[in-house]
**Student:** 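This is the structure, below, for whatever I ask next.
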Protein chains: 2
Amino acid sequence: MSQQRHGSTSGGSDRANAVPAFPDLPEATIARLPEYLRALHNLGEGGADTISSEGLAAAAGVNSAKLRKDLSHLGSYGTRGVGYDVALLIEQIEYVLGLDQRRAVCLVGVGNLGHALAGYDGFASRGFKIVALFDADPTKVGERIHGLIVHHIDELPQVATEETIAIGVIATPAGAAQAVADELVGAGVTSILNFAPCVLSVPANVDVRKVDLAIELQILSFHEHRKASLTALPGGRSATGAGNQEAVGS
Amino acid sequence: MSQQRHGSTSGGSDRANAVPAFPDLPEATIARLPEYLRALHNLGEGGADTISSEGLAAAAGVNSAKLRKDLSHLGSYGTRGVGYDVALLIEQIEYVLGLDQRRAVCLVGVGNLGHALAGYDGFASRGFKIVALFDADPTKVGERIHGLIVHHIDELPQVATEETIAIGVIATPAGAAQAVADELVGAGVTSILNFAPCVLSVPANVDVRKVDLAIELQILSFHEHRKASLTALPGGRSATGAGNQEAVGS
DNA sequence: CGCGATTTGTGCACGCCTTCACAAGCGCCT
DNA sequence: AGGCGCTTGTGAAGGCGTGCACAAATCGCG
Ligand SMILES: NC(=O)c1ccc[n+]([C@@H]2O[C@H](COP(=O)([O-])OP(=O)(O)OC[C@H]3O[C@@H](n4cnc5c(N)ncnc54)[C@H](O)[C@@H]3O)[C@@H](O)[C@H]2O)c1
Ligand SMILES: NC(=O)c1ccc[n+]([C@@H]2O[C@H](COP(=O)([O-])OP(=O)(O)OC[C@H]3O[C@@H](n4cnc5c(N)ncnc54)[C@H](O)[C@@H]3O)[C@@H](O)[C@H]2O)c1
């Protein structure tokens, strides 16, 4: 989820002022919208014109009531007795998420992980485009990866003036992440996706999301540990095929 | 996953010190423990013997009250007026997370991403060890990556009998993920970390966590969209920056 | 034209999580 | 010994999210 909400915790005003184009969606809802969107695309390719909340919920791995409530936050785009128009709903969700406008992404740290990310087509397929790669290692600068040339990190300000970069992805070692974040912020980046295992400090108007594999594994480890300590008296396995899924979370 | 929240283990049994099966920690707390652990290791290397909740909270990017409440769930390992003993707390958290026992991990799908994951030392540094790599592509089988040989996916059952594999990591295309998950479950894996953008269906006793880059980017995109539609100017800068994605309980 | 089947949208209750605020505990200094 | 400052641990309040259950809305059909 997001770490820094709107900065004003004590500011009494707020509330109901923001009427830009859409209401303030619950953070939990926002985190699920991309999942719905993916499910909708799959369904659309399967030839479905409309889909019920039950069906879409199953495809997205969530409760149908939750899905309906989530979608109700965007407005009423369903038809009672029928379901949701797949194409219309895709359009709406993409609009709310701001996916209708191409967003420029830059990637800093073209190492093991960065290399994989640079070639990931999951970026482009959702309106994101990697416009620049950066690294501090002179031996990597100039290298061509998936059609992009690796720039030196010092060139970031200049590249940023040529093209407005909204999102920066950090794939450097943890020790360099804060410095990189500072440079990204200085270059005008307002959203950061951080793969380095460390806490980043950024201005309040910058959003940071973190992906940490080690944390995911440790959470799984805890559940393994717990499961192992319950084997004494398991009480039976339920063979339900119910899928259960952790969300990301945010 | 299932939520058994009956009062089963309640009662007045206070297992304040040491060992056995532990209380049910809130899922939110579990997700933060690894972050505390990382911060503690950093602090420990910095030479600190004790750390206050305020200091540790800052290092982990959370509220200090939250941190204290989280730690209180594990028992009382702090000293009022002084703080927490770094080494002791590390030991306790590692125990609770089950990191004191080495957990065998296997990785399925040695492509772009899988290749990077196979070489990631963030696994080993927390008690995890990749014991096997699998892929379906005959041209990749036999390849040696970071000291490990890539096996064909069909060999999974056999390898699993040689070594108990607790955790499986899926880094295949989405279309193959469910089939791979089924095979992992069949081989006795009870925890899965899924990088493929799809919903997995597994038995109730298997935990699944999902990491989806595209979702992270889309959430950032939403906030970009929102920020762009607000022409107001924000205020100061805050020093928080933890990212944390949350999720629902397993 | 009305009726039943179907599905959305939502009021409501419940439980989890966060955060505040403070008493209790601990060490140190005088 | 006693006071004082510092820090933990926690009770309580409030907010957020979830899921149930149902009224309202819509379609198809006789
Ligand atoms: N490899 C993985 O599977 C994986 C998984 C999860 C998280 N991570 C994390 O992602 C980060 C990168 O991992 P990796 O395995 O790719 O490491 P890596 O060492 O292979 O790559 C790091 C890259 O960052 C570059 N770099 C270093 N300092 C820089 C700076 N100041 N500015 C720009 N570039 C700089 C290096 O030159 C190198 O190319 C690490 O923080 C790691 O913990 C890696
Ligand atoms: N590359 C990235 O940066 C990135 C980032 C996030 C998520 N992902 C996701 O991770 C997954 C892998 O991405 P990638 O870029 O490495 O793809 P890739 O095509 O490079 O690698 C996929 C690998 O899986 C193997 N494979 C296919 N079917 C298999 C099966 N049934 N059993 C075992 N192995 C099988 C393929 O042979 C291939 O080696 C995809 O689902 C992708 O969406 C990738």
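We name chains A, B, ... by the order of the sequence lines, and we start the count at 1 in each one.
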**Student:** Just the rounded figure in Å: distance from C1' of D/dG9 to NZ of B/Lys66.
**Tutor:**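 Spelled out: NZ on B/Lys66 to C1' on D/dG9 is 17 Å.
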**Student:** Under the side chain to side chain contact (heavy atoms under 4.5 Å, CB included) test against A/Phe195, which residue among A/Ile170, A/Val211, A/Leu213 passes?
**Tutor:**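 When side chain to side chain contact (heavy atoms under 4.5 Å, CB included) is applied between A/Phe195 and each of A/Ile170, A/Val211, A/Leu213, only A/Val211 qualifies.
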**Student:** Starting at CD of A/Gln92 and ending at P of C/dT8, how long is that distance when rounded to a whole Å?
**Tutor:**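 Taking atom P of C/dT8 as the reference, CD of A/Gln92 is at 17 Å.
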**Student:** Starting from C1' on C/dG15, measure out to CG on B/Asp24 and report it in whole angstrom.
**Tutor:** 14 Å
**Student:** How many whole angstroms separate atom CG of B/Leu25 from atom P of C/dC17?
**Tutor:** 11 Å
**Student:** Between the protein and nucleotides 20-23 of chain C, list every N/O to N/O distance that falls short of 3.5 Å.
**Tutor:**
{"unit_1": "C/dA21", "atom_1": "N6", "unit_2": "B/Arg68", "atom_2": "NH2", "d": "3.3"}

**Student:** Taking OP1 and OP2 of D/dG9, is either one under 4.0 Å from a side-chain nitrogen or oxygen of B/Tyr84?
**Tutor:** yes
**Student:** Taking atom NE2 of B/His225 and atom NZ of B/Lys227, what is their separation to the nearest 0.5 Å?
**Tutor:**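 Here the rounded value is 13.0 Å.
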**Student:** Please report the distance, rounded to the nearest Å, between CG in B/Leu89 and P in D/dT7.
**Tutor:** 16 Å
**Student:** When A/His73 is tested against each of A/Thr29, A/Asp24, A/Leu33 for side chain to side chain contact (heavy atoms under 4.5 Å, CB included), which residue passes?
**Tutor:**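 Per the side chain to side chain contact (heavy atoms under 4.5 Å, CB included) rule, the option paired with A/His73 is A/Thr29, out of A/Thr29, A/Asp24, A/Leu33.
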**Student:** When the distance from CD1 of A/Ile51 to C1' of C/dT8 is rounded to whole Å, what number comes out?
**Tutor:**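 In whole Å, C/dT8 C1' lies 14 Å from A/Ile51 CD1.
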**Student:** Could you state the atom-to-atom distance from CG of A/Leu74 to C1' of C/dT10 in whole Å?
**Tutor:** 15 Å
**Student:** Which of the following nucleotides, C/dC17, D/dG9, C/dT8, is nearest to the side chain of A/Ser53?
**Tutor:**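 Side chain of A/Ser53 sits closest to C/dT8.
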**Student:** From the options D/dT18, D/dT8, C/dT19, select the nucleotide whose nearest atom is closest to the side chain of A/Ala28.
**Tutor:**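 Minimum distance to the A/Ala28 side chain belongs to D/dT18.
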**Student:** Using the closest heavy atom to pick a nucleotide of DNA chain D for each, name whichever of B/Gly83 or A/Pro26 lands nearer the 5' end.
**Tutor:** B/Gly83
**Student:** Under 4.5 Å between any side-chain heavy atoms of B/Arg209 and A/His223, yes or no?
**Tutor:**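 Result no, sub-4.5 Å side-chain heavy-atom pair not found.
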**Student:** Taking the side chain as every heavy atom from C-beta outward, state whether A/Val189 and A/Ile167 have any atom pair closer than 4.5 Å.
**Tutor:** no
**Student:** Between B/Glu54 and A/Asp70, which residue's closest nucleotide on DNA chain D lies nearer the 5′ terminus?
**Tutor:** B/Glu54
**Student:** Would you mind reporting whether A/Lys210 and A/Ile215 have side-chain heavy atoms less than 4.5 Å apart?
**Tutor:** yes
**Student:** A/Ser76 near the nucleic acid: base, sugar-phosphate alone, or nothing, with a heavy-atom cut-off under 4.0 Å?
**Tutor:** sugar-phosphate
**Student:** State, with a plain yes or no, whether a side-chain heavy atom of A/Asp207 is found less than 4.5 Å away from one of A/Ile192.
**Tutor:**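 In short, these two side chains do not touch, never coming nearer than 4.5 Å.
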**Student:** Measure from CD on B/Glu27 to P on C/dG15 and round the result to the nearest Å.
**Tutor:**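 Those two atoms, CD and P, are 18 Å apart.
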